[in-house]
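Throughout, protein chains are lettered first and strands after them, A, B, ... in sequence-line order, and every chain is numbered starting at 1. Basis for what follows: all heavy atoms, side chains included, without hydrogens, waters or symmetry-related copies.
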Amino acid sequence: MSALPDEEPSGGVSVHPGQGSAGDTETVAQLEGVSRVYSMGAEEVHALDDLSFSFGSGEYWAVMGSSGSGKSTLLNILGCIDRPTRGEYRVRGQAVSELDDDELSELRSKELGFIFQSYNLIPQLNVLENILMPVLYQENPEEGIEERGRVLAERVGLGDRLTHRPAELSGGQQQRVAIARSLINDPALILADEATGNLDSKTAGEILELFDELHAEGKTILIVTHEPRVGERADRILRLKDGALEGIEDNRR
Amino acid sequence: MRAVRLGVSSLLLHKLRSFLTTLGVLFGVSSVIAMLAIAEGASVEAQEQIRQLGSSNVILRSVKPPEDKVSNQESRVLSYGLTHEDYARVAETYPGVKDVVGVLEVPEEVRSGSLSCRPRVLSVDPSYRDVTGRIMMEGRFLTARDGEATASVCVLGYEVARYLFPFQPAIGERIKIGAEYFQVVGVMYPRVPIGSIKRDPGTEVGGEVFLPLKTGQRLFGERQVKIRSGGMDAQEVQLHEIIIAVELDQDVPMIANASRLMLTGSHREKDYEVIVPLELLIRAQETKRIFSIVLASIAGISLLVGGIGIMNVMLATVTERTREIGIRRALGAKRHHIVTQFLVETVVLSGCGGVAGVVLGLIIPEIVEAAGDMRTIVTLEAPIFAFGISVATGVIFGLYPAWRAATMDPVEALRHE
Ligand SMILES: Nc1ncnc2c1ncn2[C@@H]1O[C@H](COP(=O)(O)OP(=O)(O)OP(=O)(O)O)[C@@H](O)[C@H]1O
Ligand SMILES: [Mg+2]
C-alpha cells in the first residue's frame, strides 16, 4: 500500500513537498492531471482542470479560492466520493480508479474523515448517534467506541447536547457535530470543507486549535476556507482559480 | 442485530405510514388463514356427513318422478320408486354384499301426551344401525325378533327423545305414531355432534324415529296419504331406500354400477337415484382441491397487492432519503449495508404485518364459528404458510427499492435535496 511510484506528474504545476528532504514523509495523496468536467447538455463545465499535486503524511494544507473555483469538487475527489473525469488520483500509491465500490467504501471508512460544507447530518438521529454513525460501517469497531463519541462531542463543545436532533441545533453546532463525526473512526486524512464558515471567531478559534492538535498528533489535514486567517495556520496554501491550480504557498519557509 | 435496530428505528420515525403499509399484509395474511380455516371446516364437515352415510355403502333411493304428466287431478295415487322386487334382487344376486337394508318412511306425527312433533319416521331392517354406523345412547336398537314379531317398539333419535321426554328417561315410555302406540326401547345419538345443533326446540324437531320394517309395513301400509289444500295427495312407495352394505370398499363402484344397470332395466321411469358415498367423498376431495387452488390464487393476489404496497412505500422512502443514503455512503457504508438496511425495513414491515395477520387470522374463524354457526378448522400449516409468504413478500418487494438505494452515486445522492 505504501509503495509510491516516484514518477513526475504529466502536466500542470507539480509540487512534491517531501522531495527536498527525501523520504521523511510518505506521500498520502497524489493527483496527476486530474480534471472533473460536468456536462450540462451541450455545455461543459470544467470544475477542475488538469490538476496535479501531491501531499504527504502529517501535512496541514489549506485550499483557497473564490466561490465556484472547484474547491468542493476537489475535496469530493480527494474523499473518494467522486471520480475524476480524466487523470489519476492515487491514495498511498493506490490508483483509486482501480478500486471497486466496496474497496472505495472501505477506504472512506478507514482512512478518511470528511466534513461537508453543508454538514450533512442525518436529521432523524441525535447528536451522539450522528457522531457514531460511521462506526456502523466499520468491520470491527473498537471497544468503548461510544465513550469515544462522547469524548469527541465534549471536545467540540457539545457534551451537553448529546440527545438533541440536528434541527434543534444552531448552524455552528451542527458543523461541530459534523467535525466530531469525521473524527470518530480516527482517520489518517481529514478533509474539511469550510469547517469554520459558520462559526464565530471564538468557536472558530477553538475548532482551529482542534485541528492544530490533530496536526500535532500526526494527522494529515486538508481544509477549504475563504478566510486568510484560517489559511495562515496551515503549512501550505493551495490556490485554485476556475478549476486550475494558481499556485501553492509554503508558509513554513 | 444492529441492522435490525437501525431498520426498526427508521420505521418508527414514520409510524403512520409504516402502520398503513403493514395493513395490506395484515389483511392479506389474516384473510388467507381465515379462508383456509373456513374451507377446511366446510370440507371436513362435508366429508363427515358423507362418511356418516357409510363409505362402503351404496344407497338406492326413491325419487318422485316429474309431475307434469299427471296434473290437475283432484286426488290420485302416484305409485313410484323402489320395489320389493328390487330389494329381493339386490339381496340375492350380488356377491360381496354384506347386508341389504330396506327403509320405508312413514309420514305420521309423533306424540307423547300433549307434545307432538314431525321427525322422520323410518321403518327399517335391524341391521340399519350397523350399516350406517350409528351409536346407541341408551337401551337397544331394533332386533330381528322385533321384525318377526312385528312388535310395536321404536327407537328414538336423541332430539326426539329430548323433546318428548325432557324430564324423564324415554326408555319404557309409550309414544303414539299416527294412530298406533309404540314402546320406546332405545335412544340413539344424533348424526352430527350435539354441540353444533342450534335448533329452536319448540318449532321443529329434527331427528328420527325407527320402527321395525315389518311393523311399519303392516300398520301403515305402503300408501302414504298427505292432506293438502284442494285435495288429497296419495303416493304409493314400497321402499324409500335400499341401503347396500358392501364387504370391501374396492367393490363399491362395481356394485354401484350393477345396481344402476339393474334399476334401469326394471324401471320405466327414472324414479330412483343411486347414491354412492365413496364417489361423493372422492368428488368432495376433488372439490376441496380445486377450492384450495382458488384460495391459494386469491391469497397470492392479495399478498401481491400487499407487496406492491410495500414496494411503493419503500421506493418513496428511498427517494425521500436519497441524501441520507449519500451521507452514509460517503462515510463508509458499502452497498450491501444499504441493501441490508432497506431490506430489514421491508422485512420488519411485512413481518409485523404477518404476525398481526396471523393473530387476526386466528381470531376471525372463532368469530365466524360463534356468529355464523359454521365449522372452521385452523390447521397448523395455514399460519406458518401465510407468515412465511408475508416475509417472502417483504424480501421480494424490498429488493428492488434496496437495490435502487444502494446503486445510487454518492455525490449525486448528496446533492439531492
Ligand atoms: N453537479 C454539478 N453539475 C454541474 N456543474 C457543477 C456541479 N457541481 C459543481 N458544478 C460547477 O463546478 C464549479 C465548481 O463548483 P464547486 O462546488 O467545487 O465550487 P466551490 O469552490 O466549492 O465553491 P464555494 O466556495 O461556493 O463552495 C462551479 O462552477 C459549479 O457551478
Ligand atoms: Mg464549496
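With a 4.5 angstrom heavy-atom cutoff, A:S118 touches chain B via backbone and side-chain atoms both. Contacts between A:R181 and chain B at a heavy-atom distance below 4.5 Å involve the side chain alone, from C-beta outward.
Using a 4.5 Å heavy-atom cut-off against chain B, the contacting residues of residues 63-76 of chain A are A:N76. Along residues 122-132 of chain A, the residues that come nearer than 4.5 angstrom to chain B, judged on non-hydrogen atoms, are A:I122, A:Q124, A:L125 in order of number. Residue-level contacts of residues 309-325 of chain B with chain A, in order of numbering, are B:R323, B:E324; threshold 4.5 Å between heavy atoms.
Heavy atoms of other residues, nucleotides or ligands lying less than 6.0 angstrom from CD of A:E43 number 12 at most. Shown here is A:E143, whose CD atom has no more than 12 heavy atoms of other residues, nucleotides or ligands within 6.0 Å.
Separating the CD1 atom in A:I81 from the CG atom in B:L331 is a distance of 7.5 Å, to the nearest 0.5 Å. Once rounded to the nearest 0.5 Å, the distance linking CZ of B:R329 with OG of A:S109 reads 12.0 Å.
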Item to complete: Test A:Y137 against B:K334 for side chain to side chain contact (heavy atoms under 4.5 Å, CB included), laying out the working first.
Response: CA-CA 7 Å; A:Y137 307 115; B:K334 293 178 182 170; over 6 Å; no

Got a list of side-chain donor-acceptor pairs under 3.5 Å for residues 393-415 of chain B, not counting sequence neighbours?
residue	atom	partner	partner atom	Å
B:T393	OG1	B:I389	O	2.6
B:Y400	OH	B:R404	NH1	3.1
B:T407	OG1	B:W403	O	2.8
B:T407	OG1	B:R404	O	3.4
B:R415	NH2	A:Y38	OH	3.4

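Proximity of a side-chain donor or acceptor of B:R335 to a complementary backbone N or O of A:D102 within less than 3.5 Å is not detected.
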